Amino acid sequence: MYSENFGEDDRSIRLQVLELQKLEEARGSSDTVLDYRNSVEKGDSGETADAASNSSAVAFHRSTSPAPEQKLTLFALRLAIIEKIATNLGTLGFIWATVVLLGGFAITLEKSDFWFITIILLIEGTRIFSRSHELEWQHHATWTVSGVGISSFRVIRSSSISLLRNLKRFSDGIFKPILENGLREATTRTGRQETFDRRTTLTWKNSEVPLIPYARWLYISSYVSRLLYWLQLLSASACVALSSYKLVMHNYGDVQDGDLDKRNRQAALSIFYSLALAEALLFLAEKAYWEWEVSVCNLLENVTRECGFGVSGMVSIKRFFYDAYSKSVNGSIFDGVKMDMVSFAMDLLGSNCSDEQLIGARILSKFAVNELFAEDTLEKIGINLPVIERLVEMLNWKDLQEEEIRRSAAEILSKLAGKKQNSLRVAGISGAMESISSLLQNTRSLGEAPDEIGEKKIFHDHHLHYDFWRFNNLGLLILKKLSRDHDNCGKIGNTRGLLPKIIDFTHTDATLLKDENADMVLSQVLTVKRSLQLVKMLVSTSGNTGKCLRREISEIVFTVSNLRDVLRHGVRYPKLQKLGIEILSFLALETDARERIGVTGGVLKELFTIFLKRKTHGDESENRVRIAAGEAIGMLALESRSNCIQILKLGVFGRLVDALEVPLIRINAARVLRNLCIYSGHECFLDLRFIKTAAPTVLKSITSGDNKLLEVMLGLAAQVFKFMSSEEANIVLTDSGIKKLELANTLVSILKKHDKPAIKVPRIRRFVVELAIWMMEDDVENVGMFRDLGMEKELVKVLETTAELENFDVFSGTVGVSRQSRTVHWLAELALKMLEDEQS
């Protein structure tokens, strides 16, 4: 949570590298619990909390108000104007003194004026020198009037303490190694800060460069910046005092009549002292204005708050302001006004300094998730390919010190991948998929022998200082967003070792899904959810790419068993169950995968447990899970004799027949029963005879149903009547109160209504023709009845409008899967031939 209680030290514009380190540790993961909970409990539309915000109408909108950093650039512009006026006055005064006074009146000046001019020039030279170099030092370890003016006593005290500490370190460096040389190597340090300190650096940090050996505490750049600052204040104050004194006293010496060499001396001296006084007063006015805005009006804190950076963002704001101020002072005064925070951050991201990279990554990460600035930020990043390449490269940085940079880069890419054009740019970078894959911690080692698989490693955050689970979640989120594009799905499948990693993250157990403890559980549940969402998007891909992905995923030995565990233990997480069921449905499009699922113990049982659940709460999410389970069972029973036999062995046939009366699941129950009747084989005939009890329900649905319900009941009716004799069929029709003529008329009416293939009910004409053929085969009188009703004309229309759409049971996109052995054209010709033969 953002805190408004900035310390007084933060009011000073001093960029400290140590501050970066402390803020990195302080940032921690305090906000992860809410993030994880929101993500896990989000709707099951396949969108996470991050993606859902992208899809909403209010997620991205351009802000009509000025950007917060414009306040800083305007402040820098005003300061630069004052600074340049003061500098030009100082330059003019210097020229006036050297050319007019010392050049023209050097031997005629009074002794006091000569020394006053000399002292003022030396003072101004010192101030100009210190001012010209102060910005360079402040760029590394910035220090301004705010910190000095308010905290001067604290500065002296902290400097003294720092001196004592450095002396202690110096003495320890000499004597301690001698006394404890044997023990030092046996001592191990743990923790984040120790790891950070142990890292060997190849270059100096600018803010810690020791200019003189053994005096590091005195000459590091932050102290030099303070010294230059005080020199400026002292020189300006001295200049004001000396100039004011001479202007007030006006004792420039007497000028005798006729002494032409001294007649303009008084005016020349007054001009010089006035210039010196004006220049010094302008400089002090600049510092006063700076102090007012920074310390009293809290400009930096306000801009930090408006940008949504939080406490850690103060460092970024300070750095941005000093860069804008430096550009305005060293170049055109309008150079700083042209700066914006996003471009500034992108420039820092390409730096070779880790501290600058961290600042840039923090800024872009904060802006990318802020609704006010997200669209503009992502647009600027998206058109800058070098920045995208840099972000992708940062995903491979696994050093503990660079953890926050890596995390920020992953967060930015997760937002960037939300737009299709940007996702194509990210995926098009060479090695991008491998870099994203590196975010996923490899939890399974290689087996020691060909006949075994390596064990899965479990990482716990309380044992490790590296946030593996957060990186896992970010990696899965990026891949999920990239997988919205068909070509990217192929790239994911072709990335070596990536699919097994993703499948490993779908693993769960009863302890995880039933435990409600802390953020660790929520983090792992979120990982399971995102991995399931990603797998669903991959297996739902159409075309040859989807076929290859489904084959490769089903061939991973843990895929089906992991999905079974999700179904078995995910009662508290119906959205996870639905994702697992949908994956099984898509995998079942492939014949081999269908068989693997059927022979994996418990999968069909768990699906039926969900589908035929007796006690339900009736909430929407539970209903969707039950519907999905029915669709999956229907897919698994399609063209699979072994799966049909397994279903019959579960003893659920009677409950399936009863389910035809339940509006929520009757469509899928009818599909499953039809597939059982077709694909179980003749040896299961006795087990299927109970299907006859479903005939009244089926007939009632045919005469009163519509669209999808009508289609599936027509398909089931053609199979149900095959288990009946003519007498049994007549009894059923009589008991149902339906006459043969009424049924035949309904069939003809359906063909008249659907005079061409329908996308929503592509098989309805096929099922009508199949049922009509059975009726004509069952009773010859029915042939004449159909002829009188105009069936022959309708069959001719069917022959003229048949399409491939009607010859498949299921589809993958626009590609048909599981083609029927008998086409609609063949069935229509058969029915037409029966009508013609009877007439002849």
Side-chain angles (χ1 to χ4, degrees), residues 39-40 46-48 50-51 395 410 413-414 417 423 426-427 431-446 453-459 468-509 512 523-541 545-567 570 575-576 578-587 590 593 596-597:
S39 298
V40 171
E47 296 287 330
T48 62
D50 300 313
L395 300 183
L413 286 174
S414 69
S423 70
V426 172
M433 290 301 176
E434 288 76 8
S435 298
I436 298 171
S437 177
S438 69
L439 292 173
L440 307 180
Q441 180 62 29
N442 191 358
T443 59
R444 193 176 298 280
S445 60
L446 297 176
I453 296 177
E455 295 183 359
K456 186 176 182 179
K457 303 175 184 177
I458 303 298
F459 295 94
F468 289 109
W469 287 109
R470 175 168 285 236
F471 284 106
N472 290 337
N473 287 326
L474 287 171
L476 291 171
L477 179 59
I478 296 172
L479 289 172
K480 191 193 78 167
K481 290 186 176 182
L482 292 178
S483 64
R484 294 171 183 170
D485 181 77
H486 182 276
D487 293 335
N488 290 344
C489 290
K491 293 178 180 179
I492 293 174
N494 293 331
T495 303
R496 182 179 180 184
L498 182 52
L499 289 180
K501 277 187 180 181
I502 296 171
I503 295 302
D504 270 345
F505 286 120
T506 63
H507 171 73
T508 185
D509 51 37
L512 175 63
S523 174
Q524 294 185 36
V525 172
L526 178 60
T527 302
V528 173
K529 177 184 176 182
R530 284 184 174 166
S531 60
L532 289 173
Q533 289 174 335
L534 175 57
V535 174
K536 176 190 170 183
M537 297 184 78
L538 293 176
V539 298
S540 63
T541 306
T545 301
K547 186 183 292 289
C548 293
L549 285 170
R550 287 189 289 270
R551 185 185 68 250
E552 292 179 13
I553 290 174
S554 65
E555 288 176 351
I556 299 174
V557 295
F558 299 105
T559 300
V560 181
S561 57
N562 285 354
L563 296 175
R564 175 197 59 200
D565 293 339
V566 171
L567 303 186
K575 298 176 181 63
L576 297 185
K578 184 172 182 291
L579 287 170
I581 292 170
E582 289 172 341
I583 293 171
L584 290 174
S585 298
F586 284 115
L587 289 177
E590 306 301 321
R596 291 191 183 99
I597 295 171

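Bear in mind the structure is a predicted one, so any value in this text is a computation, not a measurement. Index from 1, following the sequence. All values below come from the heavy atoms of this structure, side chains included, with hydrogens, waters and symmetry mates left out.
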### Query
Can Leu477 and Lys481 be said to form a side-chain contact (heavy atoms from CB on, under 4.5 Å), step by step?
CA-CA 6 Å; Leu477 179 59; Lys481 290 186 176 182; 3.9 Å; yes
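- The distance from the OG atom of Ser414 to the CG atom of Leu479 is 11.5 Å, given to the nearest 0.5 Å.
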### Stepwise side-chain contact (heavy atoms from CB on, under 4.5 Å) check, Val525 with Leu576
CA-CA 9 Å; Val525 172; Leu576 297 185; 4.1 Å; yes
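- Using a 4.5 Å heavy-atom cutoff, the side chains of Leu395 and Ile436 are in contact.
- Lys529 contributes atom NZ, which lies 13.5 Å from atom CG of Leu534 (distance to the nearest 0.5 angstrom).
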### Query
Would Ile502 and Ile492 count as a side-chain contact (heavy atoms from CB on, under 4.5 Å) if you check the C-alpha gap in whole Å, the side-chain angles of each, and the deciding distance to 0.1 Å?
CA-CA 10 Å; Ile502 296 171; Ile492 293 174; 4.3 Å; yes
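- If you take CG on Leu499 and OG on Ser437, they are separated by 9.5 Å, rounding to the nearest 0.5 Å.
- Side chain to side chain, Asn473 and Thr527 meet the donor-acceptor criterion of an N or O pair below 3.5 Å.
- Under the side-chain hydrogen bond (donor to acceptor under 3.5 Å, both in side chains) criterion, Ser435 pairs with Asn396, not counting sequence neighbours.
- The two atoms that bring Leu482 and Ala417 nearest to each other are CD2-CB, 3.9 Å, heavy atoms only.
- Separation of atoms NZ (Lys536) and OG (Ser483) is listed at 11.0 Å; rounding is to 0.5 Å.
- Residues Leu498 and Leu440 have side chains in contact (heavy-atom distance under 4.5 Å, counting atoms from C-beta outward).
- Of all non-hydrogen atoms in Met433 and Lys491, the two that sit nearest each other are CE-CB, 4.0 Å.
- At least one side-chain heavy atom of Leu526 sits less than 4.5 Å from a side-chain heavy atom of Arg530.
- Of all the heavy atoms in Leu567 and Gly580, the pair that sits closest is CD2-C, 4.5 Å.
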### Query
For Val566 and Asn562, what are the C-alpha separation, side-chain angles and deciding distance, and is it a side-chain contact (heavy atoms from CB on, under 4.5 Å)?
CA-CA 6 Å; Val566 171; Asn562 285 354; 5.8 Å; no
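- Separating the CZ atom in Phe586 from the CG atom in Leu538 is a distance of 11.5 Å, to the nearest 0.5 Å.
- Taking all atoms of both residues into account, the shortest heavy-atom contact from Ala410 to Leu474 is CB-CD1, 3.7 Å.
- Atom CG of Leu413 is separated from atom CD1 of Ile478 by 5.0 Å, given to the nearest 0.5 angstrom.
- Residues Thr559 and Leu587 meet the side-chain proximity criterion, which asks for heavy atoms closer than 4.5 Å.
- Listed here is the closest heavy atom pair of Ser531 and Phe505: OG-O, 3.2 Å.
- The minimum heavy-atom distance linking Val535 with Thr506 is given by the pair CG2-CG2, 4.3 Å.
- Side-chain atoms of Asn472 come within 3.5 Å of backbone N or O of Gln441 as a donor-acceptor pair.
- Judged as a salt bridge (charged side-chain N to carboxylate O under 4.0 Å, His left out), the pairs with a partner in residues 547-562 (not counting sequence neighbours) are, in order, Lys547-Glu590, Arg550-Glu590.
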